[in-house]
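The first residue in the sequence is number 1, and the count goes up from there. Values reported hereafter were calculated over all heavy atoms of this structure, with side chains retained and with hydrogens, waters and symmetry mates removed.
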Amino acid sequence: MEEIRVNLKKTEDKSYNIVIHEGVLKEIPSKLKEAGLGHKFAIITDSTVESLYGTDLSEGFTKNDLENKIISFPPGEQNKNRDTKAWIEDQMLENKFARDSVVIALGGGVVGDIAGYVAASYTRGLPYVQIPTTLVACVDSSIGGKTAVDTAHGKNLIGAFHQPWAVYIDVNTLLTLNDKEIREGLAETIKYGVISDDELFSFLEGNMHLIFSYDKKALTHIIKRGCQIKAEVVEKDEKESNLRKILNFGHTIGHAVENLSEYKISHGAAISIGMVAEGKLAVEMGLWNEEELNKLIKLFNKASLPTQIPEYMDANDIIDTMKLDKKSRSGQIEMVLPKRIGEMALIDKSYGIKIEESLIEKMI
Ligand SMILES: NC(=O)c1ccc[n+]([C@@H]2O[C@H](COP(=O)([O-])OP(=O)(O)OC[C@H]3O[C@@H](n4cnc5c(N)ncnc54)[C@H](O)[C@@H]3O)[C@@H](O)[C@H]2O)c1
Ligand SMILES: [Zn+2]
């Protein structure tokens, strides 16, 4: 037997900047020209965002003598699939996008995830730029390099890690969102407060009215903190071996609730329910205190996010669904639980805490 070793030491620097600046959307084409990132730009977006911001952005590229093409698909999670990905790739092939091309992901998390995955595989990898236009995309999906599409067997099952070249956030683009979309992003932002920043948590307690009046300063503040927290966590644990798990607070029970509702309950609402349920477990296990849990419930109420598992859901179904979740290892249910607002509990050097099924049953 012969053994040949292929040594691949990771030396590639995958660092990137997140630029948060009001009005930056107009400046992106000239910034990318200056950076000499590529010669041809595929602006991938959905039809809603195309008419709001895509056409202007494309004109900006053209004015800078940069060849570009908008490739847009109908909005919605149901289009985040392999068929849409293949269709986008065919559009790019027919329009002769080659290795000197750049993908621009303009839109919410659906666009970011699919465009990022196209960028990860087109000609074995193209640079891509994220321009998130929803609060979820700003504080969550545009950072961290996880790209994916959904399948009939589950969400986000086919994908790749591919870090963007840069992320540009223009708060002005958020002004066309509705309260429902703001709430989706707020659920993740509240999560950031619990897992890592008590000041952000207090800011949300005191300024919810400003966020729902689309106050740019308040929105910018929560985006900035959200990005910092996610970036910090991802930086320390890019491939989710331990610390990155804290981002899953509320998501173990949340995913099960989302799933059992057949996605009638939105992700933001489901993880709010999940955070409260997992918070109750943390209190029950003596890791967290009830006073802080009540503060969390109050904050969700202020944001009009739900906190109770719907009555029609059965504890055993929730447990079975959690066991099937790709995040649970070998059928054992694992969660991350708070120790105090701003810090997660660490047991035996691990943030992933194994939970007894009987305890969950009792709780639900
Ligand atoms: N990759 C990750 O790490 C990660 C993290 C969190 C979520 N996600 C993914 O993100 C997706 C959810 O993202 P989302 O909530 O942004 O959904 P989305 O992309 O579907 O956007 C929601 C809706 O808002 C519209 N829209 C987008 N920007 C707008 C704007 N500025 N004004 C008006 N309307 C606008 C869209 O057309 C869409 O109809 C899910 O597929 C989820 O799996 C990925
Ligand atoms: Zn989430």
Establish, for the pair Lys85 and Tyr117, whether the NZ or CZ atom is under 6.0 angstrom from the six-membered ring centre and no further than 45 degrees off its axis. yes
Tell me whether the NZ or CZ atom of Lys40 lies within the 45° cone about the ring axis of Phe97 and under 6.0 Å from its centre. yes
Apart from Leu210 itself, what residues make up its hydrophobic cluster, given side-chain heavy atom links below 4.5 Å? none
Does any N or O in the side chain of [X] come within less than 3.5 Å of the main-chain N or O of [Y], such that one atom is a donor and the other an acceptor?
X: Ser213; Y: His209; result: yes
X: Asn242; Y: Tyr351; result: yes
X: Lys33; Y: Asn64; result: yes

Hey, are [Y] and [X] close enough side-chain-wise for a donor-acceptor pair under 3.5 Å?
X: Asn68; Y: Thr62; answer: yes
X: Asp348; Y: Ser350; answer: no
X: Asn172; Y: Tyr53; answer: no

Other residues, nucleotides and ligands only: do more than 12 of their heavy atoms fall within 6.0 Å of CD on Glu290? no
So Gln130 and Tyr168, do their side chains get closer than 4.5 Å, heavy atoms only? no
So His267 and His255, would you call those rings parallel, tilted or perpendicular, with 30° and 60° as cut-offs? tilted
Among Asn259, Thr252, Ile309, side chain to side chain contact (heavy atoms under 4.5 Å, CB included) partner for Ile318: Ile309
